[in-house]
Amino acid sequence: MPMDKTFNAAEAEARIYAAWEKSGAFKAGANASRPETFCIMIPPPNVTGSLHMGHAFNNTLQDILTRWHRMRGFDTLWQPGQDHAGIATQMVVERELAKEGNLSRREMGREKFLDKVWEWKGQSGNTIINQLKRLGASCDWSRNAFTMSGAPNAPEGEEGNFHDAVIKVFVDLYNKGFIYRGKRLVNWDPHFETAISDLEVEQVEVDGHMWRLRYRLEGGETFDYVETDADGNETFRETRDYLTVATTRPETMLGDTGVAVHPEDARYRHLIGKHVILPLIGRRIPIVADDYADPTKGTGAVKITPAHDFNDWGVGSRCGLRAVNVMTTRAGMWLKDNADFAEGCDSDGLARVIEALDGSDRYEARDWIVQTATEEEWLDGIDKDRHMVPHGDRSKVAIEPYLTDQWFVDTAKIVGPALDAVRDGRTKILPEQHEKVYFHWLENIEPWCISRQLWWGHQIPVWFGPYRADDMDPAGGSFKQFCAPTEAEAVALAQAYYGIDAVTVGTGPSGKMELVEGRYVLGHGATPTIARDPDVLDTWFSSGLWPIGTLGWPEETPELQKYFPTDVLITGFDIIFFWVARMMMMQLAVVDQIPFHTVYVHALVRDEKGKKMSKSLGNVLDPLELIDDYGADAVRFTLTSMAAMGRDLKLSKDRIAGYRNFTTKLWNATRFAEMNAALCRDVVGTEAARKPDAKHTVNRWIIGEVARVRMAVDEALASYRFNDAANTLYAFTWGKVCDWYVEFAKPLMDGDHAAETRATMAWVLDQAFILLHPIMPFVTEELWGLTGDRAKLLVHADWPDYGADLIDENADREMNWVIG
RNA sequence: GGGCGGUUAGCUCAGCGGUAGAGCACUACGUUGACAUCGUAGUGGCCACUGGUUCGAUCCCAGUACCGCCCACCA
């Protein structure tokens with residue numbers, strides 16, 4: 001039965017993928033015939049996720065490298081898995097619960113909610129895996145990993161030890177002094193009510209206002225406000241009894257504890273040390289000198305709100321200003337029962353703002369304050385102002401700098417080795433331009449806030465208890481920390497610390513301290529209770545351990561010994577900081593080895609206008625639809641051909657259609673060979689891997705072309721020039737084999753050269769299938785199966801290594817004369 | 001404010017110290033026995049601009065313009 005005229009991708013792909021899996025073709029070490037290993041760690045997609053174009057691109061490149069190495073006989077592992085994605089997943093599940101009219105997260109409580117999340121993961125967690133299979137990804141799915149596997153509340157079927165690895169690393173880094181807890185200003189997401197890291201904040205330019213407020217000097221004092229030009233000539237003079245400050249967030253004035261001016265600013269320096277009276281509440285706040293105040297900006301005088309602004313926090317600590325928090329975790333105003341806030345305020349003013357604003361949203365408070373300032377004439381003016389406002393990257397709401405206790409990784413202490421490894425070339429980042437970005441970020445690294453006020457994640461393995469009498473925290477107020485991998489070990493630490501066995505575990509640390517003979521001791525009869533920190537770790541803390549965690553660390557598994565350090569990490573530049581830099585730091589800190597020797601950073605897949613594809617913009621191309629329409633091979637080949645380093649790629653359907661046609665072209669060249677009994681199965685004595693002994697110029701020429709393309713493809717892939725590999729193969733297959741060789745071969749199918757031509761054609765096509773296989777595995781697999789008895793071998797096809805010795809210069813010359 | 005990238009055919013993009021390349025689109029012709037998801041032939045470019053290096057620059061260097069991105073911040 002003759003071949004169909006086209007490759008039926010829709011029918012064949014699922015069948016072929018199932019056959020690959022059934023044969024174990026993707027298992028670690030499959031087809032290994034040499035000692036070298038090759039290992040790629042998949043960037044774990046969110047377990048809530050579904051395949052988008054970026055995944056398709058990223059995984060196509062990984063699959064090409066993986067298949068190429070596997071075919072060459074490397075002991076190969078492409079390690080798959082998913083990330084639990086704390087905020088994203090919690091968000092999705094909460095939304096689902098709301099849709100179904102369930103209890104809210106808080107109503108159902110932590111344990112029940114986590115059960116729901118696991119349930120949800122069980123239902124939809126395989127979505128992305130199945131989608132990756134449709135792409136043709138040759139991962140070893142039997143090793144599929146999950147960043148929450150083995151967590152205490154994980155259900156049946158979620159065994160694994162990733163959780164153990166995460167907890168062990170936390171404990172290790174804690175004991176080494178690389179992790180600490182501190183009260184600091186953090187980026188607070190009022191929607192999710194959690195701290196987030198600097199990286200999870202995105203600056204969004206918004207139309208806003210700059211309001212100028214007048215703060216009266218204490219005691220009705222006046223001064224002459226004088227402006228001068230560059231030459232020192234007076235340009236303006238006015239007697240004032242106030243200072244004007246400017247702000248884009250008037251509601252924060254309730255937390256002001258100072259006004260800063262530059263120490264050299266002639267307009268104000270004589271006022272340093274005096275006080276102004278905060279409108280509304282009458283708080284008396286000092287005028288302080290600090291370089292932060294820039295005489296050229298605004299009015300030169302800056303209101304200082306240490307509890308709600310990062311810069312102001314710095315000024316406050318330099319100048320000894322207290323921090324007054326006036327907001328709730330939902331960014332409403334917190335004024336009632338707020339002792340810090342009430343301190344130093346006049347009682348009438350206090351009562352008034354509490355009445356008007358307590359509990360109200362920050363933006364309502366802003367409006368009220370502006371309106372009141374207008375009515376009471378301490379609003380100096382309003383300017384329209386377009387400025388950047390920090391937003392949560394998930395919640396899309398404006399974040400608030402917020403004063404809380406959080407856990408931090410002291411990144412400065414572990415960043416050195418990660419910098420050195422790239423500086424000395426043990427790890428290369430391609431394209432090189434990204435190394436600069438990597439260096440710049442790491443050289444200026446800030447402490448990493450790793451605690452999140454979420455439920456879905458690895459709970460922080462620290463239990464709090466009261467301080468012992470002879471070990472009081474000099475700062476006071478804090479709790480003794482017991483950091484241990486398990487509750488039992490934490491209790492043991494506590495027992496040792498308190499010197500008694502009767503330590504209980506509760507929901508809040510307790511145990512009374514009493515003053516006895518000048519020393520604090522645990523109260524008579526009171527037994528100390530310790531309680532675990534309810535917070536969880538930043539998702540990236542666990543995914544930062546992906547390379548060792550997926551290979552079984554801390555156990556010395558054979559896979560860990562064999563495949564670590566891994567070889568190449570393929571990822572988009574958008575997570576260099578989130579993930580790559582942290583994997584470098586963490587692997588080096590934990591096992592003192594680089595996680596991979598090469599980082600290939602690819603560009604983003606964008607829409608036709610060059611915008612990042614995103615659901616909210618509605619400009620996404622769905623790779624699965626494209627696979628349905630054009631076949632996985634066409635999608636893969638398109639992405640590969642556009643994968644030039646360092647430049648974003650914009651997808652068009654026309655282009656994909658073009659590469660779908662390419663698969664048809666290859667298919668039909670094979671069909672021609674079939675009609676002429678010029679396939680491997682037809683050619684007696686021809687083993688696909690052996691070059692036929694050809695005499696005719698055309699045959700000698702095409703054999704040389706095959707050798708050339710094999711060398712070019714290897715060279716391209718070895719240097720990660722995926723587009724070169726694809727375009728070389730395209731030009732070879734279509735431009736050389738189909739346009740010229742098949743045409744020249746037609747008349748040779750009868751006559752003296754018939755046998756050698758058939759053998760040559762069979763060999764050429766066979767080689768084309770092999771060389772194309774990493775990029776378009778489905779159609780080549782199908783063709784391979786059709787053309788010979790090698791179907792079962794195909795997945796393990798041996799990659800050829802012939803070279804220049806197959807090139808026949810004389811044949812080249814003759815053919816070039818004909819082809820031109 | 002700091003940094004990075006881009007500007008090449010109508011469109012999307014490769015490339016490169018020495019007659020400018022691909023795909024798509026377009027034009028004309030073609031039911032040749034692999035393929036109309038095709039074939040043959042063709043149209044189409046001062047390679048952003050200005051200087052410099054060079055025997056020679058689209059390519060290297062400097063600057064300009066516009067576009068895009070990243071980081072930091074604007075009280």
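Below, chain A is the first sequence line, B the second, and so on; all start at residue 1. Every heavy atom of this structure was used, including side-chain atoms; hydrogens, water molecules and symmetry mates were not. Quick caveat, the model's predicted, so the values are computed rather than measured.
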Only one of A:Phe577, A:Phe578, A:Trp448 forms a ring pair (Phe, Tyr, Trp, His ring centres under 6.0 Å) with A:Trp540, so which one is it?
A:Phe578
My understanding is that a pair needs two contacts under 3.5 Å, Watson-Crick or G-U wobble. By that rule, which nucleotide pairs with B:A41?
B:U27
Looking at A:Lys5, I'd like to know whether one of its side-chain N or O atoms comes within less than 4.0 Å of OP1 or OP2 on B:C38.
no
Expected output: side-chain A:Thr299 to main-chain A:Thr244 donor-acceptor under 3.5 Å:
yes
Round to the nearest Å and state the distance from A:Asp265 atom CG to B:A75 atom P.
17 Å
For A:Phe310 and B:C74, give me the distance from atom CZ to atom C1', rounded to whole Å.
16 Å
Give one of base, sugar-phosphate or nothing for A:Lys436, where a contact means two heavy atoms less than 4.0 Å apart.
sugar-phosphate
Using a strict heavy-atom distance below 4.0 Å, which residues from residues 316-326 of chain A are in contact with RNA chain B?
none
A:Lys746 side chain N/O closer than 4.0 Å to the phosphate oxygens (OP1, OP2) of B:A34?
yes
Could you tell me which nucleotide pairs with B:A65 by Watson-Crick or G-U wobble geometry, both distances under 3.5 Å, or answer none if nothing does?
B:U7
With a 4.0 Å cut-off on heavy atoms, is A:Met210 in touch with a base, just the backbone sugar-phosphate, or nothing at all?
sugar-phosphate
Under a 3.5 Å cut-off for both contacts, is B:C47 paired Watson-Crick or G-U wobble with anything, and if yes, with which nucleotide?
none
Rounded to whole Å, please give me the gap between CG in A:Asp198 and P in B:C73.
8 Å
Between the CG atom in A:Asp256 and the OG1 atom in A:Thr252, the distance rounded to the nearest 0.5 Å is 5.5 Å
If you compare every side-chain N and O of A:Asn661 against the phosphate oxygens of B:C38 (OP1, OP2), does one of them come in below 4.0 Å?
yes
Is the phosphate of B:A34, meaning OP1 or OP2, less than 4.0 Å from a side-chain N or O of A:Trp734?
no
